[in-house]
Amino acid sequence: MKDQLSGLFAQAMNTLKANKIIPDDHQVNLVFERTRQKEHGDFACNVAMMLAKPARMNPRKLAEMIVEALPEDPLVNKIEIAGPGFINLFLNNDAHLRVLSAVLENAENFGLAEANSKQKILVEFVSANPTGPLHVGHGRGAAYGDALARVLAAAGNQVEREYYVNDAGRQMDILAVSVWIRYLQIAGIGREVSLPSNCYQGGYVTEFGSKIFDEHGEAYFIETEQFLAESLTRSNSEALKELESLSNEELASLCDRLNKSLEELELDYEKKYLEESLDNRIAHAKAVLGDDGFSVFQNTALNSILSDIKNDLSEFGVDYDTWYSEKSLFDSDKIDRAMSSLKESGDVYEKGGAWWFRSTAYGDEKDRVVIRDNGQPTYFASDIAYHKDKIDRGFDLSIDVWGSDHHGYIPRVKASLQALGLEPEKLKVLLVQFAVLYRGGEKVGMSTRSGEFVTLRELREDIGSDAARFFYAMRKSEQHMDFDLDLAKAQNNENPMYYVQYAHARICRLFEKAQEAGIDTDTIGNADFSELGNDQEVAILTLLQRFPEVVEKAASVFEPHQITYFLKDLATAYHSYYNSNKVLEAQESRRLAMLALSEGTRQVINNGLTILGVGAPISM
RNA sequence: GCGCCCGUAGCUCAACUGGAUAGAGCAACGGCCUUCUAAGCCGUAGGUUACAGGUUCGAGUCCUGUCGGGCGCGCCA
């Protein structure tokens, strides 16, 4: 519809250009807006106001000339100039009606652009470390990422979903050590050895330890004394000693330079000490267990957690095309190659025993370490290789969905693409705020390490996948969000998903009733749509017509929540219609048309819910 | 301290990326079921869009500053 109007206005523009009313070379951006109020017609165009300046003319006067130059069109009933210079277009009833046959003909494809007609897009989302079960924060990323992928596909893009598995690096080592310590506790050292606070605390870690003990017995057991002696050789941290050796003046200047208070500084060093002793434990565990033994602990945990995550997401309706292993980046030398290439170009240099990426050359705040002085590549090094690989795989656009706490990471990743001669615009990072959970009116804490968190699985079991997905998809991703678990759990009308689903179920039931009454509902496609025309019917028809526009818009700005708001509007319009129009009591010809309108509504609700990954029940 | 995000009705959130009189839901109040599902509908009330400037025909939206909240600023991921 907008295209058609656009065509009319384009002709008018040409006429005005020919008459030298507006400059020949002036780019005209035609925008048609759905009006908010009926008095303003169906569409409004602001082109007269946009062109007032270049044409050096009063916008209302210019609007008159544009209207004058518009060719006739049978679908346009009336044109008015209003306000500061809006051109308001009133469509005739036929223009409203024709959408209905389009919905009925295209059915589940209505609103969807031609498949794979646009860009090839990779959407990477969730990508949580496989060090524990997914929690509700990941749930929002999952619901958003998948709805985004679906809406992008609906808008005609070829979309692939990917999960980046961080199966390499220090976090995996910490996981293995955590399991080993639990195993030692089970095997007999007992309470004498405690799990350090920076290890993984969740109950699942104990289960893995117990599982390994069941399968391997005491094969990986060592005595308490040996464990304590060897893993805590550095009882006093070098870092703390270093701090203590400084004079007061030096301390003060250090605080000043780092912009931190003395207390913060001490906290930093204490943390550093904890991390150092954890590194010692990792090294110790590897030495005691050997590579094979260590990997028993690591792989037992990794495989189990990963399959749990896959299963969890699948039950949530999220299925990936690719599970991309970070480890594979090492095995295929992609990291080495990316690093050498950056070394050659001078974007990676050595300083203080470590290798640094010169991200400041591309607008980042500071240079970043890619290879630590102990020879270990950082997570960032993998990420450089990973993002390069994504673009190398031929995607026009690569979307990363990240928790917003990682936003500071964006400049360096973009910088790395630039340094590698790739277009940084091909990477789009979308941020998702963590939802703040409330239960019983109180915030629910969330920390993976401490083990106090609500898992995605618990959430799904509480409120169901549909409600969780709809609820998450209802918020703009970057918006802070309060997730009231009690409210979401309560299956009442406060949950907008029920409202939308109910409209769908209502229509299904209406058709059942119609069939029970002997009405031939298969012929609705042949109904005389001109029977429709009251305000509520026009309102619904207008919404149906808007659906493809909403899909396109939502996809272009990466905002699937627009679909949820559209569905609420459509459900409202239908519920209202349903309450004041008795479909089955209408006379035959009108009844058939009303059924056609109802089916059109049902179809669009179904299509919209499908984009959100939410079911459309036929009864409730 | 610096950087990014955010601030809209009592609460939770929209507002077609600069359009006309800022909209929904909940909560409050008043109506509607012998009639296709009341998980619904209709009505009332609720606002200086945090604040102050600026840009222009026009600002919740853009620019500057202030205040308030979140996050980030590691040879962590």
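No experiment lies behind these values; they were computed from the predicted model shown. In what follows, chains are A, B, ... by sequence order, proteins preceding strands, each numbered from 1.
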**Message:** For A/Arg602 and A/His504, which I'm curious about, is there any donor-acceptor pair between the side chains at under 3.5 Å?
**Reply:** yes
Under 4.0 Å, counting only non-hydrogen atoms across every strand here, what does [X] touch: a base, just sugar-phosphate, or nothing?
X        : answer
A/Val557 : base
A/Ser580 : nothing
A/Glu552 : nothing
A/Pro84  : base
A/Ala503 : nothing
A/Asp405 : sugar-phosphate
A/Ala505 : base
A/Asp173 : nothing
A/Tyr409 : base
A/Gly169 : nothing
A/Asn581 : base
A/Ala354 : base
A/Lys513 : sugar-phosphate
A/Lys476 : sugar-phosphate

Tell me: [atom1] of [X] to [atom2] of [N], nearest whole Å?
X        : N     : atom1 : atom2 : value
A/Lys582 : B/U34 : NZ    : P     : 11 Å
A/Tyr574 : B/C41 : OH    : C1'   : 13 Å
A/Asp383 : B/A77 : CG    : C1'   : 10 Å
A/Ile507 : B/G40 : CD1   : C1'   : 13 Å
A/Tyr578 : B/C36 : OH    : P     : 7 Å
A/Tyr499 : B/A24 : OH    : C1'   : 10 Å

What pairs of donor and acceptor atoms, side-chain ones from residues 41-58 of chain A against any protein atom, are under 3.5 angstrom apart with sequence neighbours left out?
unit_1	atom_1	unit_2	atom_2	d
A/Asp42	OD1	A/His96	NE2	3.1
A/Asp42	OD2	A/Leu91	N	2.7
A/Asn58	OD1	A/Arg60	N	2.7
A/Asn58	OD1	A/Lys61	N	3.3

**Message:** Between B/A77 and A/His406, is there a base-stacking contact, meaning the centre of the base's six-membered ring lies under 5.5 Å from the residue's ring centre while the planes stay under 30° apart?
**Reply:** yes
**Asked** Taking all non-hydrogen atoms of both residues, which atom of A/Leu597 and which atom of A/Leu541 are closest, and how far apart?
**Response** CD1-CD2, 3.7 Å
**Item:** Residue pair A/Gln171 / A/Thr131: nearest heavy atoms and the distance that separates them
**Value:** O-CG2, 4.1 Å
Exercise answer: donor-acceptor pairs, residues 401-410 of chain A side-chain atoms, under 3.5 Å, sequence neighbours excluded:
unit_1	atom_1	unit_2	atom_2	d
A/Trp402	NE1	A/Asp400	OD2	3.4
A/Ser404	OG	A/Gln433	OE1	3.4

Does a side-chain N or O of [X] approach OP1 or OP2 of [N] to a distance below 4.0 Å, or not?
X        : N     : answer
A/Thr572 : B/A24 : no
A/Arg372 : B/C76 : yes
A/His575 : B/G25 : no
A/Lys366 : B/G3  : no

Nearest-Å distance once atom [atom1] is located in both [N] and [M]:
N     : M     : atom1 : value
B/C76 : B/G60 : P     : 48 Å
B/A9  : B/A50 : C1'   : 15 Å
B/G68 : B/C51 : P     : 15 Å
B/A22 : B/U61 : P     : 14 Å
B/G53 : B/C16 : C1'   : 29 Å

**Message:** Dot-bracket, 5' to 3', for RNA chain B please: Watson-Crick or G-U pairs under 3.5 Å, [ ] where pairs cross earlier ones, | where the partner sits on another strand, dots elsewhere.
**Reply:** (((((((..((((.....[...)))).(((((.......))))).....(((((..]....))))))))))))....
**Item:** Upstream residue (5' side of RNA chain B) when A/Ile87 and A/Ile371 are each assigned their closest nucleotide
**Value:** A/Ile87
**Prompt:** On RNA chain B, nearest-nucleotide positions of A/Lys2 versus A/Phe43: which is more 5'?
**Reply:** A/Lys2
Between the protein and nucleotides 6-11 of chain B, which nitrogen or oxygen pairs are less than 3.5 angstrom apart?
none

So, using side chain to side chain contact (heavy atoms under 4.5 Å, CB included) as the criterion, who are the partners of [X] when residues are at least two apart?
X        : value
A/Ser576 : A/Gln536
A/Gln376 : A/Arg372, A/Asn374
A/Glu588 : A/Arg591
A/Pro617 : A/Gln501, A/Met620

**Prompt:** Can a cation-pi geometry be assigned to A/Arg412 and A/Phe357, taking NZ or CZ under 6.0 Å from the six-membered ring centre and within 45° of the ring axis?
**Reply:** no
**Item:** A/Glu559 side chain, from C-beta outward: closest of B/U17, B/G19, B/G70
**Value:** B/U17
**N-glycosidic conformation, B/C6 - syn within 90 degrees of 0, else anti** = anti
**Request:** Please work out whether B/U48 sits syn or anti, treating a glycosidic angle within 90° of 0 as syn.
**Result:** anti
**Request:** Apply ring pair (Phe, Tyr, Trp, His ring centres under 6.0 Å) to A/Tyr324 and list each qualifying residue two or more places apart in sequence or on a separate chain.
**Result:** A/Tyr386
**Request:** Can you run down the salt bridge (charged side-chain N to carboxylate O under 4.0 Å, His left out) pairs that involve residues 547-561 of chain A, sequence neighbours left out, and say none if there aren't any?
**Result:** A/Lys2-A/Glu549, A/Arg34-A/Glu549
**side chain to side chain donor-acceptor pair (under 3.5 Å) partners of A/Thr572, counting only residues at least two apart** = A/Tyr499
**Message:** If you count heavy atoms of other groups shown closer than 6.0 angstrom to CD1 of A/Ile618, is the number above 12?
**Reply:** no
**Fill in**
Contact check, residues 33-42 of chain A vs RNA chain B, heavy-atom distance under 4.0 Å, returns A/Glu33, A/Arg34, A/Arg36, A/Gln37, A/His40
